[in-house]
Amino acid sequence: MGILVTGCAGFIGSHTTERLLADGHEVRGVDAFTDYYDPGLKRANLAGVLDHPCFELVEGDLASLDPVALLDGVERVLHLAGQPGVRASWADGFAAYVERNVEVTQRLLEAAREVGVERFAAASSSSVYGDAATFPTPETTLPRPVSPYGVTKLAAEHLCTLYGTNFGVPTVSLRYFTVYGPRQRTDMAIRRMIDAALRGTTFPLYGDGSASRSFTYVADVVEANLAALFADGVPPGSVCNVANDDTATVAELVELVERTTGCPLAVERLPAEAGDARRTGGSTELARRLLGWAPSTALADGVAAQVAWAREQLPAGG
Ligand code: NAD
């Protein structure tokens, strides 16, 4: 057995699992098919790999599965399972974020410490920065999350660093900046914009449209994940941005989606929501040096690929 991918049925997890299998690795994937968004979509994400002879699916919750058993025969871990999304992380939603992002990560790290693995790469987030003062933001910037989600991702990241520096668990935390592309989560803005444009429904836009993001194409993120799993000389406890220099405001994104789909987008303007950072933009200098990774997909090309995929998902005649 080779690699454990947690959250294998999710957006980033399913793409990375496919790629690892295509490269000849054995993959044990684990997923709880949580209902944060339609679990049926997650099952569909895995359709192409379920029968692969080198793929084993463990369906279950990392909060209760035996993590030592999961690591049996595993050399490298890609820990992507988590509770994503900023808006649902306030109030009663918070408990799921603590369990799925913090507690689960600590359980896996303890098991990795006990069993010993070659690499433990974990999904962190640009949300740890909050409203950063410097752009493009380097990893040395003091993280100041502006959402409970960001707080839990930062806590998980700190745990990875602690297990790296104290016990030599070879961890690397990847701060993903807004990932997009085919199979993107249904709560994310580009997905909602494209779906609304193609279906002629309304897109609720929170804020005045001036918030801007670094958008990272999922195929580039898969490459970063592979580099994080296999690159030599990554010090335990490392933290690294996975970002794109291509940034855009929400208003620019609306125009891009309209141009790419050829459909007008009906926008319903709503007040800005608590927890959304005003701007994100990550420096990729460390990723280049540490992982030998750099993004290569321009935003317009990535959005075109996502639109093409979204058209395929439309019901026949739609
Ligand atoms: P996703 O929701 O599509 O995938 C996460 C998967 O983890 C889901 O399939 C879910 O069922 C599974 N999962 C959650 N809790 C679990 C548990 N306790 N046990 C087993 N499985 C569980 O999300 P994604 O967009 O693919 O994100 C993957 C990771 O990357 C997450 O940790 C997320 O916080 C992080 N991230 C994503 C983005 C992005 O733009 N997509 C940006 C920053 C960070």
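Both ligands and their constituent atoms are indexed starting at 1 by order of listing. Given the structure is predicted, the values throughout are model-derived calculations rather than measurements.
For Gln83 and Arg100, the side-chain atoms include at least one donor-acceptor pair closer than 3.5 Å. Under the 3.5 Å distance criterion, with hydrogens and angles disregarded, no donor-acceptor pair is assigned to the side chains of Arg213 and Thr247. Side-chain N/O atoms of Lys42 and Thr34 include a donor and acceptor closer than 3.5 Å.
Scanning all protein heavy atoms for the shortest distance to atom 30 (O) of ligand 1 gives Ala123 CB, 3.4 Å. Among protein heavy atoms, the minimum distance from atom 34 (O) of ligand 1 is reached at Tyr149 OH, 2.7 Å. From the protein, the heavy atom lying nearest to atom 9 (O) of ligand 1 is Asp31 OD2, 2.8 Å. Ranking the protein heavy atoms by distance from atom 23 (O) of ligand 1 puts Arg185 CD, 3.4 Å first. The shortest contact between atom 15 (N) of ligand 1 and any protein heavy atom is with Arg100 CD, 3.6 Å. Looking from atom 4 (O) of ligand 1 to the surrounding protein, the closest heavy atom is Gly10 CA, 3.4 Å. Closest to atom 28 (C) of ligand 1, if we only count protein heavy atoms, is Leu80 O, 3.4 Å. What sits closest to atom 18 (N) of ligand 1 on the protein, heavy atoms only, is Asp61 OD1, 2.8 Å.
Atom 5 (C) of ligand 1 has its nearest heavy-atom neighbour, among Ala156, Ser126, Gly82, in Gly82. The option from Pro39, Gly13, Ala32 that lies nearest to atom 20 (C) of ligand 1, judged by heavy atoms, is Ala32.
Checked against the 6.0 Å centroid threshold, Tyr217 and Tyr180 count as a close aromatic pair.
Checking Arg119, Arg76, Glu118 one by one against Pro170, the side-chain contact (heavy atoms from CB on, under 4.5 Å) holds for a single residue, Arg119.
Residue contacts with ligand 1, taken as heavy atom pairs separated by less than 4.0 Å, do not involve Gln83 at all. Using a 4.0 Å cut-off between heavy atoms, Ile12 contacts ligand 1 through both its backbone and its side chain.
Interface of Phe33 with ligand 1, defined as ligand atoms under 4.0 Å from a residue heavy atom, comprises 11 (O). Contact atoms of ligand 1 toward Leu62: 17 (C), 18 (N), 19 (N), 20 (C) (distance under 4.0 Å to a heavy atom of the residue). Numbered from 1 in the order shown, with element, the atoms of ligand 1 that lie under 4.0 Å from a heavy atom of Tyr176 read 30 (O), 36 (N), 42 (C), 43 (C), 44 (C). For ligand 1, the atoms sitting less than 4.0 Å from at least one non-hydrogen atom of Lys42 are 8 (C), 9 (O), 10 (C), 11 (O), numbered in the order shown with element in parentheses. Which parts of ligand 1 touch Val179 is read off a 4.0 Å heavy-atom cut-off, strictly below it: atoms 39 (C), 40 (O), 41 (N).
Within the 4.0 Å heavy-atom shell around ligand 1 one does not find Arg175. Distances shorter than 4.0 angstrom do not occur between any heavy atom of Tyr36 and any atom of ligand 1. For Lys153, the heavy-atom gap to ligand 1 drops under 4.0 angstrom. Ligand 1 lies within reach of Ser124, whose nearest heavy atom is under 4.0 Å from it. Proximity of Tyr37 to ligand 1 is established by a heavy-atom distance of less than 4.0 Å. Not close to ligand 1: Ala122, with no non-hydrogen atom less than 4.0 angstrom away.
With hydrogens and angles ignored, the 3.5 Å screen pairs a side-chain donor or acceptor of Gln306 with a backbone N or O of Gly181. With hydrogens and angles disregarded, a donor-acceptor distance shorter than 3.5 Å links the side chain of Ser14 to the backbone of Gly10. Under the 3.5 Å distance criterion, the side-chain polar atoms of Asp31 are matched with a main-chain donor or acceptor of Ala9. Using a distance-only test at 3.5 Å, with no hydrogens or angles considered, a donor-acceptor pair links the side chain of Trp90 to the main chain of Ala274. Asn241 places a side-chain N or O within 3.5 Å of a backbone atom of Thr137 that can act as its donor or acceptor partner. Not one N or O on the side chain of Arg28 forms a donor-acceptor pair closer than 3.5 Å with the backbone of Val5. Here the side chain of Asp301 pairs no donor or acceptor atom with the backbone of Thr297 at under 3.5 angstrom.
The salt bridge (Lys or Arg N to Asp or Glu O under 4.0 Å) search around Asp276 returns Arg87, not counting sequence neighbours.
Between Glu252 and Arg259 there is no salt bridge, since no side-chain nitrogen of the basic residue lies less than 4.0 Å from a carboxylate oxygen of the acidic one.
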